[in-house]
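To start, the structure under review is shown below, and the notes come after it.
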Amino acid sequence: MSINVALDGPSGAGKSTIARAASERLKYLYVDTGAMYRAVAFYVLSKGLNPENKDEVVGALAGISIELKYTEQGQRIILNGEDVSDSIRTPEISMAASAVSAISETREFLLSLQKNLAKENNVIMDGRDIATVVLPNADVKIFLTASAETRAKRRYDELVQKGESVTYEEVLNDVNQRDYNDIHRDVAPLRQADDAILVDSSALTLDESIDKVVEVIENKIKAKKVSAREIPEVQPVVKGARPPLWKRICHEFLRLIAKAIYHTYLDLSFEGLENVPKDGSNIFASNHRSYTDPILISLKPKVMFSFMAKEELFEKNIFFTILIKLFGAFPVVRGSGGKQSIETSLERLNKGYNLVIFPEGTRSKDGKVLKGKTGVALVAAIAQVPVIPTGIVFEGKIKFRRKVTVKFGKPVIPSEIGVDSCENKKVKHLRNEIMASITELVEGKSDESEQENVNKL
């Protein structure tokens with residue numbers, strides 16, 4: 001399985017230089033996504049088009065072919081057969097790249113190329129939205145930054161060495177303007193992913209910055225390998241337990257109210273209700289589209305649900321905290337690792353709750369099913385409980401009376417597919433089976449890569 005490192009940060013933070021050096025040390029493939037956007041900007045400007053005019057940029061995409069070639073000099077950008085690696089490193093191209101990257105069609109145009117590289121190789125990929133959009137499930141996420149003044153000085157020195165005629169003030173203005181554009185754009189704005197590690201290089205030399213990034217990557221990968229070697233024991237859940245009566249009454253009252261509200265606000269329907277168990281202690285594994293997904297899933301089944309929620313949600317206000325707790329939410333401390341989540345999940349299952357888990361780990365913006373993590377499969381393997389694949393499908397873009405369908409698939413039972421332990425191979429097989437079912441519910445077909453892995457066992 002490939003290892004993906006996502007390195008984000010503002011313009012001039014040294015992402016490309018540091019990512020390139022780190023990739024050489026670790027023997028990973030370096031992918032400079034910023035250069036791809038620069039190539040698009042270069043082509044647009046060479047045709048006399050306006051990089052801020054969406055129609056002109058979108059119309060130009062059909063005439064663009066971008067390839068990445070790796071030589072002794074590093075990554076080279078080939079635009080329509082021509083090496084433009086050096087030509088795209090000017091302030092004018094930088095500003096144009098910021099403009100074209102704010103257009104969703106440009107990002108979609110380059111996304112498949114970026115994802116395929118990450119899928120097939122160990123990569124360090126740098127850009128503005130790698131950890132938040134391109135590789136949301138990256139093994140390591142780093143946000144590299146530095147003060148605007150530090151970044152402008154570095155960029156100014158670089159341009160002067162190349163013989164460019166610029167002033168420091170011009171470069172600083174460009175840096176500030178590009179920061180503003182990247183942060184405030186509607187499509188994939190620049191921001192630090194919640195689980196990304198911040199590295200500020202303002203006071204660091206280049207070598208120190210490279211050392212720090214390599215250290216972060218090695219520590220993260222080492223921790224993942226250690227975690228992977230720890231094989232939990234199977235602890236089968238004994239069915240029959242039920243949550244306390246007062247909680248069931250409160251939950252049913254809230255469920256009926258929520259049901260009425262959601263059926264009024266949405267054109268809501270359910271499919272596959274025959275696949276929903278009548279008892280508790282089951283796992284519902286679903287794709288993730290919105291913050292209301294846990295409630296949508298729990299509107300039909302009458303057994304109480306429980307689901308994981310970020311600790312920050314319990315700090316909003318006391319009324320909101322009470323509400324989500326009544327709906328079965330329990331806090332997960334970000335960065336505490338999976339042990340706490342697994343223990344709480346097993347506790348809820350043993351008490352008769354159904355458990356909702358989102359294997360993707362993040363919400364999908366376009367409705368496509370993302371790569372699933374193994375957490376849901378690990379909990380199911382330990383507890384030896386059925387997993388009900390669930391697909392939530394949104395149609396159209398209107399908010400009021402938008403058509404939403406919640407689909408329940410046939411239960412995936414660990415013991416019936418040979419998953420009788422928590423060995424890594426078996427847990428991955430269970431994960432693949434679950435994700436293939438979810439993908440089929442959402443997209444009408446099983447994801448080919450997931451299905452291939454299912455068929456291998």
Should S298 and R255 be marked as a side chain to side chain donor-acceptor pair (under 3.5 Å) after you check the CA-CA gap, both sets of side-chain angles, and the distance that decides it? CA-CA 8 Å; S298 63; R255 187 181 72 85; over 6 Å; no
L378 and C422: CA distance, side-chain angles, deciding distance, side-chain contact (heavy atoms from CB on, under 4.5 Å) verdict: CA-CA 7 Å; L378 181 58; C422 298; 4.2 Å; yes
Does the side chain to side chain donor-acceptor pair (under 3.5 Å) test come out yes or no for T264 and R401, once each step is laid out? CA-CA 7 Å; T264 300; R401 298 300 295 170; over 6 Å; no
Trace of the side-chain contact (heavy atoms from CB on, under 4.5 Å) decision for I221 with D139: CA-CA 7 Å; I221 299 302; D139 301 277; 4.2 Å; yes
Quick one, D129 with R107, criterion salt bridge (Lys or Arg N to Asp or Glu O under 4.0 Å). Give me CA distance, side-chain angles, the key distance, then yes/no. CA-CA 10 Å; D129 61 347; R107 310 194 74 83; 2.5 Å; yes
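Inter-residue side-chain proximity for E24 and R20 is flagged as met; some heavy-atom pair is nearer than 4.5 Å. In this structure, the side chains of P10 and L190 come closer than 4.5 Å at one or more pairs of heavy atoms. Under the 4.5 Å side-chain criterion, counting only non-hydrogen atoms from C-beta, L299 is in contact with Y262. A heavy-atom distance below 4.5 Å is found between the side chains of V31 and Y70. Taking the side chain as every heavy atom from C-beta outward, H288 and S364 never approach each other to under 4.5 Å. Side-chain contact check for M95 versus Q177: some heavy-atom pair is nearer than 4.5 Å. Side-chain contact between D420 and V234 is absent, with no heavy atoms from C-beta onward closer than 4.5 Å. By the 4.5 Å heavy-atom criterion applied to side chains, K220 and V5 are not counted as neighbours.
A salt bridge links D211 with R25: the closest approach of a Lys/Arg side-chain nitrogen to an acidic carboxylate oxygen falls below 4.0 angstrom. Using a 4.0 Å cut-off between charged nitrogen and carboxylate oxygen, K15 and D8 do not count as a salt-bridge pair. A salt bridge links K351 with E347; the closest basic N to acidic carboxylate O contact falls under 4.0 Å.
Closest heavy-atom contact between A380 and V387: CB-CG2, 3.5 Å. Between G280 and V303 the shortest heavy-atom distance is CA-CG1, 3.6 Å. P51 and I103 make their closest contact through O-CD1, 4.1 Å (heavy atoms, listed as atom of the first residue, atom of the second, distance). Taking both residues in full, the closest heavy atoms of A258 and I295 are given as CB-CG2, 4.1 Å, listed atom of the first, atom of the second, then distance. Of all the heavy atoms in A148 and V175, the pair that sits closest is O-CG1, 4.1 Å. Between I210 and A22, the shortest heavy-atom contact is CG2-N, 4.4 Å.
K212 NZ: 12 or fewer foreign heavy atoms inside a 6.0 Å radius. Counting heavy atoms of neighbouring residues, nucleotides and ligands inside a 6.0 Å radius, atom NZ of K403 exceeds 12 of them.
The main-chain N or O of S101 is never found under 3.5 Å from a side-chain atom of T106 such that the two would form a donor-acceptor pair. Here the side chain of Q384 pairs a donor or acceptor atom with the backbone of V419 at under 3.5 angstrom. Judged by distance alone, with hydrogens and angles left aside, the side-chain atoms of H251 form no donor-acceptor pair with the main-chain N or O of K247 at under 3.5 Å. In terms of modelled atom types and a separation under 3.5 Å, the side chain of S147 and the main chain of T150 share a donor-acceptor contact. Formation of a donor-acceptor pair under 3.5 Å by the R431 side chain with backbone atoms of G372 is found in this model. The backbone N or O of M304 lies less than 3.5 Å from no partner atom in the side chain of R248, so there is not a single donor-acceptor pair. In terms of modelled atom types and a separation under 3.5 Å, the side chain of N122 and the main chain of I3 share a donor-acceptor contact. Proximity of a side-chain donor or acceptor of K300 to a complementary backbone N or O of V276 within less than 3.5 Å is not detected. A side-chain donor-acceptor contact under 3.5 Å links N53 to the backbone of D55.
A distance of 10.5 Å separates CD in E360 from NZ in K373, rounded to the nearest 0.5 Å. Note that NE2 of H429 and CG of N424 are 13.5 Å apart. Values are rounded to the nearest 0.5 Å. One distance of note links CZ of R178 with OG of S98; it measures 5.0 Å at 0.5 Å rounding. To the nearest 0.5 Å, atom OG1 of residue T33 and atom CD1 of residue I130 are 3.5 Å apart. Rounding to the nearest 0.5 Å gives a distance of 6.0 Å between CG of L296 and CZ of F394. Of the inter-residue distances, the one linking L117 atom CG with S112 atom OG reads 9.5 Å to the nearest 0.5 angstrom.
In this model, a donor atom of one side chain and an acceptor atom of the other lie less than 3.5 Å apart for K239 and N282. Neither side chain, S281 nor D279, offers a donor N or O lying under 3.5 Å from an acceptor on the other. Using modelled atom types, one finds no donor on one side chain facing an acceptor on the other under 3.5 Å when comparing N116 with E120. For the 3.5 Å distance criterion, the side chains of D293 and S290 qualify, holding a donor opposite an acceptor.
Centroid-to-centroid, the aromatic rings of F305 and Y353 stay 6.0 Å apart or farther.
F284 and F408 have perpendicular rings, their planes meeting at more than 60° on a 0 to 90° scale where under 30° would count as parallel.
A side chain to side chain donor-acceptor pair (under 3.5 Å) with R151 is found for one member of D179, T145, N176 and no other, namely D179.
Residue pairs meeting the side-chain hydrogen bond (donor to acceptor under 3.5 Å, both in side chains) criterion with at least one member in residues 265-277, sequence neighbours excluded, are S269-T405. Sorted pairs that involve residues 101-127 and meet ring pair (Phe, Tyr, Trp, His ring centres under 6.0 Å), not counting sequence neighbours, are lacking altogether.
Residues passing the salt bridge (charged side-chain N to carboxylate O under 4.0 Å, His left out) test with K54, sequence neighbours excluded: E105.
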